[in-house]
Trainee: 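Below is one structure. I have some questions about it.
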2 protein chains.
Amino acid sequence: MSPRRRSPLPGTRSRILAAAAGEFAAHGFAATTVDRIARRARVNKAMIYYHFPNKRALYTAIVRDHFSPIVEKLTAIRAEPAPAAQQLDRFVETFVASIDASRTFLPLFLREIAEGGVHLGGEELALVAEVFGAVRAVIASGTEQRTFQPVHPSLAHFTLIAPVIMFRATASIRRRLKTARNVDIPDADSGTLVRHMQMVARRMLAPPHNEGRIL
Amino acid sequence: MSPRRRSPLPGTRSRILAAAAGEFAAHGFAATTVDRIARRARVNKAMIYYHFPNKRALYTAIVRDHFSPIVEKLTAIRAEPAPAAQQLDRFVETFVASIDASRTFLPLFLREIAEGGVHLGGEELALVAEVFGAVRAVIASGTEQRTFQPVHPSLAHFTLIAPVIMFRATASIRRRLKTARNVDIPDADSGTLVRHMQMVARRMLAPPHNEGRIL
DNA sequence: GTCTATACTTCGATAGAC
DNA sequence: GTCTATCGAAGTATAGAC
């Protein structure tokens with residue numbers, strides 16, 4: 001059995017996915033063109049339509065690939081045998097690490113929020129919901145044990161994740177501000193960011209008689 | 001002097017601006033079409049190019065109109081004769097009120113961040129910088145007087161504003177989550193949101209020996 | 001699986017009458 | 001200031017050879 005001539009190039013499909021993720025992250029769904037994706041992947045445009053039915057399907061495939069593994073890591077923390085406060089520390093740490101591990105996750109995530117999640121189907125929405133549910137459960141258990149004060153569950157959740165998202169998302173703007181207007185909004189490395197958010201979480205949730213003194 | 005026939009329709013230009021703001025907020029710069037703006041403003045497409053040189057210029061005009069008044073309100077707080085802690089309370093209150101007062105400001109703001117500020121010129125960048133500078137100064141003065149603990153200035157800043165932005169920006173996603181997946185991520189009214197963020201600010205900045213006990 | 005060529009559509013922008 | 005008509009570029013998607 002001789003190998004077929006014109007055998008598939010190694011990883012054509014994955015090269016398309018990688019190139020498309022880069023383009024969608026950089027320009028958003030509407031402003032990204034299939035031509036640019038093809039050029040960046042060094043693939044013929046028709047190949048993209050061979051592997052994916054259309055631009056939208058390619059996009060949602062990328063969103064799913066980006067969200068699933070991170071949601072899995074995040075929800076797994078709930079099962080760890082640790083007190084609520086430590087689980088939140090781990091949550092913050094994992095969230096920051098996930099964002100910093102990928103150049104495309106955060107832009108895709110943020111754009112999807114800006115779009116009101118219009119490109120998210122039922123499955124993707126469920127992923128988001130899982131994370132919220134897990135964090136909410138951790139906080140609720142801490143509150144029951146009186147190691148946390150009662151807080152608005154949604155507001156507590158966004159207080160934990162939003163600063164990380166916005167801080168990392170504005171990195172390029174801050175850089176332009178520094179070079180173009182000589183305004184310094186200092187950056188922070190992962191460790192500093194994680195410790196800051198853990199401090200905020202601890203203080204936000206400390207019971208009134210013992211604020212910030214949680215372990 | 002008889003009035004000219006074919007006198008200008010009242011507020012053609014402002015109707016264009018309003019319609020364009022709605023379209024840009026809802027769809028982003030790239031996905032917004034001039035045809036749709038014209039239809040929404042009940043104006044002929046050519047009129048848009050009579051009043052504005054091109055789509056981009058129309059967009060930046062809207063961004064400036066949206067950002068300037070809010071930046072002004074925010075930076076004015078610094079001049080009020082109140083201790084740092086109260087100035088931050090006012091800052092939070094004003095920021096939430098500004099977001100809730102306009103249906104278009106937040107989407108425009110968030111999209112601009114997602115885009116890395118590519119549509120922002122020197123002037124607009126300077127506006128953003130002013131707000132950061134004002135908040136940073138308030139925090140620094142509180143730290144000098146030992147009513148605040150030392151914190152990373154950028155991280156403190158984003159801890160104050162990011163949760164508000166993300167919480168309000170995700171309202172539509174949360175609504176879809178509720179109806180489509182029956183997952184309840186409860187909303188919060190302005191008062192609750194303001195009080196939560198003021199609480200977070202107070203606790204984040206309280207000195208170690210007196211956490212959260214600041215006035 | 002891969003490529004060329006192209007059909008079909010939409011969009012930004014302008015010319016020119018009124 | 002307002003409208004009709006249209007140009008030219010760019011974009012999604014497909015047909016069909018190999």
Side-chain angles (χ1 to χ4, degrees), chain A residues 1-63 108 111-112 115 118-119 121, chain B residues 1-63 108 111-112 115 118-119 121:
Chain A
M1 228 198 285
S2 66
R4 293 178 61 26
R5 245 180 315 161
R6 282 188 166 277
S7 71
L9 282 183
T12 294
R13 187 193 160 91
S14 61
R15 283 223 315 286
I16 293 172
L17 281 168
E23 289 296 315
F24 285 130
H27 308 295
F29 179 79
T32 292
T33 73
V34 179
D35 285 274
R36 282 184 59 97
I37 295 173
R39 219 181 315 145
R40 179 163 173 167
R42 293 191 317 269
V43 150
N44 191 283
K45 179 163 62 160
M47 282 307 295
I48 292 177
Y49 289 97
Y50 173 79
H51 284 285
F52 301 92
N54 51 47
K55 183 183 169 184
R56 171 70 61 103
L58 171 57
Y59 177 80
T60 58
I62 287 166
V63 168
L108 290 171
R111 284 183 189 280
E112 213 37 67
E115 299 281 337
V118 288
H119 308 112
Chain B
M1 227 197 286
S2 66
R4 290 179 65 17
R5 250 186 307 165
R6 283 190 165 277
S7 70
L9 281 184
T12 295
R13 188 193 160 94
S14 61
R15 283 224 314 285
I16 293 173
L17 281 169
E23 289 296 315
F24 284 131
H27 310 296
F29 180 80
T32 291
T33 72
V34 179
D35 285 275
R36 282 183 59 94
I37 295 174
R39 217 181 316 145
R40 180 163 174 168
R42 292 191 318 269
V43 152
N44 192 283
K45 179 162 68 157
M47 281 309 294
I48 293 177
Y49 288 98
Y50 173 78
H51 284 285
F52 301 92
N54 52 46
K55 182 182 169 185
R56 172 69 61 103
L58 171 57
Y59 177 79
T60 57
I62 288 167
V63 168
L108 290 171
R111 284 184 190 280
E112 213 38 66
E115 298 281 337
V118 288
H119 308 112

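In what follows, chains are A, B, ... by sequence order, proteins preceding strands, each numbered from 1. Quick caveat, the model's predicted, so the values are computed rather than measured.
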Trainee: Using the side-chain heavy atoms of A:K55, tell me which of these nucleotides is nearest: C:dA13, D:dT12, C:dC3.
Mentor: D:dT12
Trainee: Mapping B:A31 and B:A46 onto DNA chain C by nearest heavy atom, which one lands closer to the 5' end?
Mentor: B:A31
Trainee: Closest to the A:Y49 side chain: D:dC3, D:dT12, C:dT2?
Mentor: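 When the side chain of A:Y49 is considered, D:dT12 is the closest of D:dC3, D:dT12, C:dT2.
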Trainee: Is there a donor-acceptor contact under 3.5 Å from the side chain of B:K45 to the main chain of B:R39?
Mentor: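 No, because the side chain of B:K45 does not come within donor-acceptor range (under 3.5 Å) of the backbone of B:R39.
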Trainee: Return the value, rounded to whole Å, for the distance between atom CD of B:E23 and atom P of C:dC11.
Mentor: 11 Å
Trainee: Once you round it to whole Å, what is the distance between P of C:dA13 and CG of B:L58?
Mentor: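 One finds 10 Å between P of C:dA13 and CG of B:L58, rounded.
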Trainee: Whole-Å distance between C:dT4 P and A:Y50 OH?
Mentor: 18 Å
Trainee: Taking CZ from A:R15 and P from C:dG1, how many angstroms apart are they, rounded to a whole number?
Mentor: 13 Å
Trainee: May I have the distance from A:M47 (atom CE) to C:dT4 (atom P), rounded to whole angstrom?
Mentor: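 Rounding to the nearest Å, CE of A:M47 and P of C:dT4 are 13 Å apart.
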Trainee: Under the side chain to side chain donor-acceptor pair (under 3.5 Å) criterion, do B:Y59 and B:E23 qualify, and how do the steps go?
Mentor: CA-CA 10 Å; B:Y59 177 79; B:E23 289 296 315; over 6 Å; no
Trainee: Check for me whether A:R56 meets the cation-pi criterion with A:F29, that is, NZ or CZ under 6.0 Å from the six-membered ring centre and within 45 degrees of the ring axis.
Mentor: yes
Trainee: Would you classify A:D35 as touching base, sugar-phosphate or nothing, given that sugar-phosphate means primed atoms plus P, OP1 and OP2, and contacts are heavy atoms under 4.0 Å?
Mentor: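 The residue A:D35 makes base contact.
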Trainee: Counting side-chain heavy atoms from C-beta on, which of D:dA13, D:dC3, D:dG11 comes nearest to A:K45?
Mentor: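 Nearest nucleotide to the side chain: D:dA13.
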Trainee: Just how far, in rounded Å, is P of C:dT2 from CZ of A:F52?
Mentor: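 So the CZ-P distance, A:F52 to C:dT2, works out to 13 Å.
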Trainee: Rounded to the Å, how far apart are B:R36 CZ and C:dG12 P?
Mentor: 11 Å
Trainee: Closest to the A:T33 side chain: D:dT4, D:dT2, D:dG11?
Mentor: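 Ranking D:dT4, D:dT2, D:dG11 by closest atom to the A:T33 side chain puts D:dG11 first.
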Trainee: In whole Å, what is the span from the OH atom of B:Y59 to the P atom of C:dG12?
Mentor: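 In whole Å, C:dG12 P and B:Y59 OH are 15 Å from each other.
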Trainee: Side chain of A:V34, heavy atoms from C-beta onward: which of D:dT12, C:dC3, C:dA13 has the nearest atom to it?
Mentor: D:dT12
